[in-house]
Amino acid sequence: MTNLQDNRGEGLLDLAIIGAGPAGMTAALYASRAGLSVAMFERIMPGGQLAQTEHLENYPGYAQSTSGFELAMSMQAQATAFGAKLVNEEVLSVDFNAPVKVLETAFGIYRARSVIVASGARPTRLGLPLENELQGRGLSYCATCDGNFFRGVDVVVVGGGNTAAADALYLSRICNKVYVVHRRDKLRATAIYHQRLAGIDNIEFIWNTEVKAFIAEDGMMAGVRLANNVTGEEADLACQAVFVAIGTTPNTECLRGALQLDAAGYVLADEMGRTATPGVYAAGDVRAKELRQVVTAVSDGANCAEAAAEFLAE
Ligand SMILES: Cc1cc2nc3c(=O)[nH]c(=O)nc-3n(C[C@H](O)[C@H](O)[C@H](O)COP(=O)(O)OP(=O)(O)OC[C@H]3O[C@@H](n4cnc5c(N)ncnc54)[C@H](O)[C@@H]3O)c2cc1C
């Protein structure tokens, strides 16, 4: 167990942060600069999804794009420079019932006066061969993030919900042709998307169809093998990129009923990250919200740290 000293030497932290992605590291930066004793708990490595992003083009201030990994390392250095501690332990369970909140890891029990849940989310995967190898080489889980790398070429969007519809719209403005492959015979997306998508010339829907395999050439995405789930017919479709938009899964396993979640499992919290439990906040991709990006994660982190500092001052 990591020996954490708070400002009073009592082993009771002002703030514990679950997850050291962009949201958690920004919360740690703001809270430690505000003089709070802070520890970030991270189960893998600091940076979260950002550290896996090869080129980040839409984070303000980097006109030439930046490496997600380098930005993540820089965020970590900045947060720890002001005194926040990084604890490389996974939070396995929490108890938010008393004013002193308790986090349990495999190595011990930690106590804190406030907690920010910044445990992020993970894209739902298709579970096909080559999925790991092709990620960043034509396979993406985020059109807003990676669409620009595929200007003027043919791409496939997999899915039929709101994210898939929004991705198809976004990509239709950038790419030559957008094929939307959906396993049902109509979109699940809300009506407004049906209207917006109708009449866009470069979007083509391929209904009742599933992606069976990725086709790679020289290590890059070159196409997909499709199977019609009504007729059983199979066909190959050439494309330079595939955007998988079949949902994301929030990392809330350690919460086990400790906080209110929405129907999709995201933590319900207001714009300042306040949950219904006093002293407990949610920041970044794990929070129920519309746009999950680095820029919204860092702003959530700052808001939550501010709200936690205000709560502790009371
Ligand atoms: C491939 C890819 C490309 C992307 N490209 C872009 C882009 O170009 N631009 C952009 O703005 N956004 C992009 N995104 C989205 C962006 O990375 C996320 O929105 C952002 O990282 C969310 O930050 P976060 O801190 O909320 O969560 P995360 O980055 O998911 O970090 C959460 C952290 O919490 C840790 N954690 C989870 N549970 C526990 C636990 N129980 N105990 C301890 N630690 C825990 C995780 O290990 C992780 O490190 C991309 C995402 C992916 C997957």
Side-chain angles (χ1 to χ4, degrees), residues 2 16-29 39-62 65-69 71-72 75-76 79 86-94 103-107 110 115-125 131-132 134-149 163 167 170 241-245 247-256 258 266-267 269 273 281-304:
T2 308
I17 300 171
I18 305 176
M25 292 194 288
T26 308
L29 167 66
M40 305 177 268
F41 292 81
E42 173 53 54
R43 65 180 174 189
I44 306 173
M45 63 170 288
Q49 299 168 72
L50 172 62
Q52 302 161 25
T53 307
E54 217 165 320
H55 303 288
L56 188 74
E57 268 195 334
N58 57 0
Y59 192 75
Y62 293 93
S65 98
T66 185
S67 135
F69 181 79
L71 181 60
M75 284 184 184
Q76 183 197 345
L86 176 67
V87 180
N88 279 113
E89 295 173 28
E90 177 171 10
V91 176
L92 298 173
S93 67
V94 297
L103 308 186
E104 188 182 359
T105 76
F107 302 95
Y110 296 90
V115 174
I116 296 175
V117 180
S119 49
R122 50 188 188 273
T124 309
R125 300 166 73 83
E131 197 154 356
N132 284 339
L134 288 172
Q135 195 173 332
R137 290 175 172 71
L139 177 63
S140 169
Y141 300 88
C142 178
T144 328
C145 314
D146 298 330
N148 197 41
F149 300 115
T163 307
D167 284 359
Y170 180 81
V242 176
F243 292 86
V244 179
T248 53
T249 310
N251 299 322
T252 52
E253 291 79 2
C254 71
L255 298 178
R256 281 177 248 255
Y266 291 90
V267 180
Y281 307 85
D285 279 16
V286 77
R287 182 168 80 87
K289 62 178 183 181
E290 290 288 321
L291 184 63
R292 295 194 170 85
Q293 291 276 276
V294 178
V295 80
T296 58
V298 299
S299 83
D300 274 9
N303 281 336
C304 281

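Positions are given from 1, in the same order as the sequence printed here. In each ligand, atom 1 is the first atom listed, and ligand 1 is the first ligand listed. What you see below is based on every heavy atom in this structure, not just the backbone, and it leaves out hydrogens, waters and symmetry mates.
- Residue Gly284 has at least one heavy-atom neighbour below 4.0 Å for each of these atoms of ligand 1: 26 (O).
- Distance check: Gln76 CD to Met45 CE gives 7.5 Å after rounding to the nearest 0.5 Å.
- Between Gln293 and Cys142 the shortest side-chain heavy-atom distance falls below 4.5 Å.
- Interatomic distance, CG of Asn88 versus OG1 of Thr105, reported as 11.0 Å (0.5 Å rounding).
- In summary, the atoms of ligand 1 found under 4.0 Å from a heavy atom of Glu42, numbered by their order in the structure, are 33 (C), 34 (O), 35 (C), 43 (C), 44 (N), 46 (C), 47 (O), 48 (C), 49 (O).
- Residue Thr144 holds its OG1 atom at 6.5 Å from CG of Leu291, rounded to the nearest 0.5 Å.
- Residues Leu56 and Tyr62 form no side-chain contact, since every pair of their non-hydrogen atoms from C-beta on lies 4.5 Å or further apart.
- Looking only at heavy atoms of the protein, atom 41 (N) of ligand 1 is closest to Val91 O, 3.0 Å.
- In terms of protein heavy-atom proximity, atom 12 (N) of ligand 1 is nearest to Gln293 NE2, 3.3 Å.
- The distance criterion of under 3.5 Å between nitrogen or oxygen atoms is not met by Glu90 with respect to ligand 1.
- In Phe149, the CZ atom is crowded: over 12 heavy atoms of neighbouring residues, nucleotides or ligands sit closer than 6.0 Å.
- For the pair Asn132/Arg125, a side-chain contact is recorded, criterion being any heavy-atom separation below 4.5 Å from C-beta on.
- Closest protein heavy atom to atom 27 (O) of ligand 1: Gly120 CA, 3.3 Å.
- The shortest side-chain heavy-atom distance between Tyr141 and Gln135 falls under the 4.5 Å cut-off.
- The side-chain heavy atoms of Val87 and Tyr110, taken from C-beta on, include a pair separated by under 4.5 Å.
- Using a 4.5 Å heavy-atom cutoff, the side chains of Asn303 and Tyr281 are not in contact.
- The closest side-chain heavy-atom distance from Gln49 to Thr248 is not below 4.5 Å.
- Close approach to Asp285 involves these atoms of ligand 1, each under 4.0 Å from a residue heavy atom: 18 (C), 19 (O), 22 (C), 26 (O).
- In summary, the atoms of ligand 1 found under 4.0 Å from a heavy atom of Phe41, numbered by their order in the structure, are 43 (C), 44 (N).
- Only the backbone of Ala118 comes within 4.0 Å of ligand 1, judged by heavy-atom distances.
- Looking at Gly21, Ser119, Pro22 and measuring to atom 37 (C) of ligand 1, the nearest heavy atom belongs to Ser119.
- The shortest N/O to N/O separation between Val286 and ligand 1 does not fall below 3.5 Å.
- Closest heavy-atom approach to atom 25 (O) of ligand 1 among the candidates Pro46, Ala23, Gly24: Ala23.
- Separation of atoms CZ (Arg287) and CD1 (Ile116) is listed at 12.0 Å; rounding is to 0.5 Å.
- Selection from Arg43, Gln49, Glu253 by nearest heavy atom to atom 30 (O) of ligand 1 gives Gln49.
- Distances below 4.0 Å separate heavy atoms of Ala297 from the following atoms of ligand 1: 22 (C), 23 (O), 26 (O).
- Atoms of ligand 1 found under 4.0 Å from any heavy atom of Gly48 (numbered from 1 in listed order, with element): 29 (O), 31 (O), 48 (C), 49 (O).
- Proximity of a side-chain donor or acceptor of Thr163 to a complementary backbone N or O of Ala245 within less than 3.5 Å is not detected.
- Taking every heavy atom of Ala121 and a limit of under 4.0 angstrom, the matching atoms of ligand 1 come to 30 (O).
- At the top of the distance list for atom 9 (N) of ligand 1, counting protein heavy atoms only, stands Asn58 OD1, 2.8 Å.
- In terms of polar-atom proximity, defined here as any N/O pair under 3.5 Å, Asn251 makes no such contact with ligand 1.
- Among all non-hydrogen protein atoms, the one lying nearest atom 2 (C) of ligand 1 is Thr53 OG1, 3.9 Å.
- Two residues are said to be in side-chain contact when any heavy atoms from C-beta on lie closer than 4.5 Å; Val295 and Asn58 fail this criterion.
- For ligand 1, none of its N or O atoms has an N or O atom of Glu57 under 3.5 Å away.
- Closest to atom 8 (O) of ligand 1, if we only count protein heavy atoms, is Cys145 CB, 3.0 Å.
- Interatomic distance, CD of Glu90 versus CD1 of Ile44, reported as 8.0 Å (0.5 Å rounding).
- Counting only heavy atoms of the protein, atom 34 (O) of ligand 1 lies nearest to Gly19 CA, 3.2 Å.
- Any N or O atom pair closer than 3.5 Å counts here, and Gln135 shares no such pair with ligand 1.
- On a distance-only criterion, Val294 and ligand 1 share at least one N/O pair closer than 3.5 Å.
- Every atom of ligand 1 is numbered from 1 in the order shown, and the set under 4.0 Å from a heavy atom of Arg292 is 19 (O).
- Considering backbone and side-chain N/O of Glu89, none are found under 3.5 Å from N/O of ligand 1.
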